[in-house]
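The structure appears right after this line, and notes come after that.
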Amino acid sequence: MDAIERLVEEKLGRGVQDLVPREELVAKLRRSKETGKPLRVKLGIDPSAPHLTFGHSVPLRKMRQFQDLGHTGVLVVGDFTRRIGDPSGRASTRALMSEAEIERNMATYKDQAFKILDPVRTEVVYNSTWLGAMTFADVIQLTAKYTVARMLERDDFAKRYAENRSISVLEFLYPLAQAYDSVAIRADVELGGADQLFNLLVGRDIQREYGQEPQVALTVPLLVGLDGERAMSQSTGNYVGIGESPKEMYGKLLSIPDTLIESYFDVLTDVDVESLKKEIHDSPRDAKRRLARTLVTKFHSAAEASAAEAEFDRIHVLHERPADVPQKTLDRSKLKGDGAIWVIDLLLASGLVKSRGEAKRVIEQGGVRVNEERIESSDVDVPFHPPVLVQVGKRAFVELV
RNA sequence: GGAGGGGUACCGAAGUGGCCAAACGGGGCGGACUGUAAAUCCGUUGGCGAUGCCUACGGGGGUUCAAAUCCCUCCCCCUCCA
């Protein structure tokens, strides 16, 4: 085994779901080393989601590994494909987005992605550049290069076809468009989540049809979300965002089921998992805290990680008020003659409840505290001597002044 | 072109004249428990200072003392045959 084979074995091939074909990656790396020409490593990104989650960070980290070896990361923004909808999800086509919206999303996206990627070795391109320029004849030519039977190999299509559920022709075009992106940017490697394997493979065939050397398809496992069940995604809400505050990030990570600790270390950090197995097993609490600290440190700083940890303990372990509570100014017209205020109005003013009904409900359920005193009845007035600390549930605080 | 099925709350789904602010599940929220914002269990889940009123079962119109439920009409979605 030579150095390059070892590299693929020990680094690039680690934490990977599929790598096909492995030998081609070795060959490409070898040639790149000889010629000094960096490989072009593609990752398609969806411009509809401005916020990246830890799930996105998995392929991004893989791209960074390539960049650290001198290769070029190419982020392909799917601003054009966005308009035809992604068949991998539900069958519904998503709404169109304006260019301005896409631009705005991409700005925050890049901001977050560059916390992981090396900006110097990253190209950001928009697939409308080439897809938008194609004529109908070009499209027909593209469709001629793939067959219906091969499309139906895709599990999702096969199932729906067998069940007599609809598959629009448009959905067949999606993998082709994505494949053509690979042609347009001359991709050597395409990265993606495990659910993208089919699309990446179509890319190989289409590149070959256009006289290019096929890309290597490298997929990473889909990160399981905070609920420990479904893949992490923004639509299910079981995610941690790369751009989230230290406090949120820390808290969310501590809420993952213990069974996820090991895999999170594995795909999200550079920590050697082997050395942690004992701790994970013997003291999941400490391992999880270490995980949260490691990740907050990575995306923020060590100091902020410590602060987030201290804050978490303060609220959840010691049940004390958080260090800084958002303040709101009370509209004085709600005050009664004696300077007191009806609790319901106080809660409403805090913005912690949406309606009087909800306010009454949380009071009945014993979830409301004013100045750390539990409120037992919704039929009381409290004297208003600002600041007044209002708490709903365990972790929602507002100070009224 | 023909035949049929369907649009119900945040989502899925039941309900086919009054007992329906609408079963049940998911989600959300609160509580208990906990190392945890996990798991589990319990409760709760349209609005209104409220034994009543308002809004709500795709849109509009109608029948009725009473409509998510019946009639008319419009819009939208899906399936099968061609």
Side-chain angles (χ1 to χ4, degrees), chain A residues 54 85 89-93 95 160-168 171 224-230 232-241 244-264 279-293 295-296 308-320 322 333-336 340-370 374-382 390-398:
Chain A
F54 279 16
R90 270 136 290 242
S92 60
T93 308
R160 284 158 65 189
Y161 191 69
E163 290 168 11
N164 282 330
R165 284 190 295 141
S166 69
I167 304 168
S168 71
E171 294 182 67
V224 178
L226 301 177
D227 55 6
E229 284 172 18
R230 294 162 299 175
M232 181 178 286
S233 90
Q234 292 186 65
S235 51
T236 49
N238 60 350
Y239 71 98
V240 190
E244 286 191 270
S245 71
K247 204 170 135 186
E248 286 292 307
M249 205 179 263
Y250 189 90
K252 282 187 176 183
L253 285 166
L254 272 202
S255 80
I256 62 170
D258 293 355
T259 48
L260 248 46
I261 299 174
E262 190 177 323
S263 68
Y264 270 37
E279 182 180 54
I280 292 171
H281 182 267
D282 294 347
S283 177
R285 185 189 92 108
D286 294 328
K288 204 185 285 184
R289 288 168 74 99
R290 180 196 298 276
L291 173 72
R293 233 182 298 123
L295 285 164
V296 176
E309 185 162 275
E311 179 80 348
F312 185 89
D313 287 347
R314 193 175 305 130
I315 300 171
H316 296 289
V317 181
L318 306 171
H319 298 291
E320 291 175 4
S333 68
K334 298 282 183 202
L335 290 182
K336 301 185 168 183
I341 181 170
W342 187 30
V343 251
I344 299 290
D345 280 335
L346 186 72
L347 278 173
L348 225 43
S350 74
L352 295 174
V353 296
K354 288 194 289 292
S355 68
R356 288 171 196 278
E358 187 182 346
K360 288 186 77 169
R361 217 176 292 133
V362 284
I363 289 174
E364 266 166 37
Q365 294 174 152
V368 173
R369 284 164 197 272
V370 172
R374 172 167 285 167
I375 299 295
E376 308 286 352
S377 152
S378 51
D379 197 29
V380 301
D381 294 343
V382 296
V390 182
Q391 175 182 5
V392 174
K394 291 189 177 68
R395 56 193 199 96
F397 296 83
V398 161

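Just so it is clear: chains get the letters A, B, ... in the order the sequence lines come, proteins before strands, and each one is counted from 1.
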Whole-angstrom distance between [N] and [M], as gauged at atom [atom1]:
N: U40(B); M: C57(B); atom1: P; result: 36 Å
N: G46(B); M: G61(B); atom1: C1'; result: 26 Å
N: G2(B); M: C70(B); atom1: P; result: 26 Å
N: A37(B); M: C33(B); atom1: C1'; result: 14 Å
N: C78(B); M: G17(B); atom1: C1'; result: 29 Å
N: G47(B); M: A38(B); atom1: P; result: 24 Å

Quick one: [X] [atom1] to [N] [atom2], roughly how many Å, whole number?
X: Y250(A); N: A37(B); atom1: OH; atom2: P; value: 12 Å
X: E358(A); N: G28(B); atom1: CD; atom2: C1'; value: 10 Å
X: K336(A); N: G49(B); atom1: NZ; atom2: P; value: 12 Å
X: I363(A); N: C29(B); atom1: CD1; atom2: C1'; value: 14 Å
X: R285(A); N: A37(B); atom1: CZ; atom2: P; value: 13 Å
X: D381(A); N: G49(B); atom1: CG; atom2: P; value: 14 Å
X: I315(A); N: G35(B); atom1: CD1; atom2: P; value: 18 Å
X: L347(A); N: G49(B); atom1: CG; atom2: P; value: 13 Å

What does [X] touch in the nucleic acid at a heavy-atom separation under 4.0 angstrom: a base, only the sugar-phosphate, or nothing?
X: R361(A); result: sugar-phosphate
X: K354(A); result: nothing
X: G251(A); result: base
X: K334(A); result: nothing

* Output the single nucleotide from G31(B), G47(B), G35(B) whose closest atom is nearest the side chain of P284(A). =>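 Looking only at side-chain atoms, P284(A) lies closest to G35(B).
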* **Nucleotide nearest V317(A) (side chain, heavy atoms from C-beta), chosen from G49(B), G30(B), U36(B)** =>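 That would be U36(B).
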* To do: Tell me whether U51(B) sits syn or anti, counting syn as a glycosidic angle within 90° of 0.
  =>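 For U51(B), whose glycosidic angle is within 90° of 0, the conformation is syn.
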Under 4.5 Å between any side-chain heavy atoms of [X] and [Y], yes or no?
X: M249(A); Y: F54(A); value: yes
X: V240(A); Y: L295(A); value: no
X: I315(A); Y: K394(A); value: no
X: L352(A); Y: V362(A); value: no
X: R289(A); Y: L254(A); value: yes

* **Salt-bridge present (E311(A), R314(A); N to O < 4.0 Å)** =>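 Salt bridge between E311(A) and R314(A), a charged N being under 4.0 Å from a carboxylate O: yes.
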* Determine, for D345(A) against R356(A), whether the closest basic-nitrogen to carboxylate-oxygen distance falls under 4.0 angstrom. =>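 The answer is yes: the pair qualifies as a salt bridge.
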* On RNA chain B, nearest-nucleotide positions of K252(A) versus V368(A): which is more 5'? ->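 Closer to the 5' end of RNA chain B: V368(A).
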* **5' priority, RNA chain B, between P257(A) and R356(A) [closest heavy atom]** =>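 This one resolves to P257(A).
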Under 4.0 Å: is that the gap between some side-chain N or O of [X] and OP1 or OP2 of [N]?
X: H316(A); N: U36(B); result: no
X: S255(A); N: U36(B); result: no
X: K360(A); N: A50(B); result: no

* Asked: Is a donor-acceptor contact shorter than 3.5 angstrom present between the side chain of Q365(A) and the base of G31(B)?
  ->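 In this structure, the two groups form no donor-acceptor pair.
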* Asked: Does the base of G35(B) carry an N or O that pairs as donor and acceptor with the side chain of D286(A) under 3.5 Å?
  ->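 Donor-acceptor pair under 3.5 Å: no.
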* Both distances under 3.5 Å, Watson-Crick or G-U wobble: report the partner of A14(B), or none. =>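 Partner of A14(B): none found under 3.5 Å.
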* Asked: Across all strands, who's sitting opposite G30(B) as a Watson-Crick or G-U wobble pair, both distances under 3.5 Å?
  ->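 With both distances under 3.5 Å, G30(B) matches C42(B).
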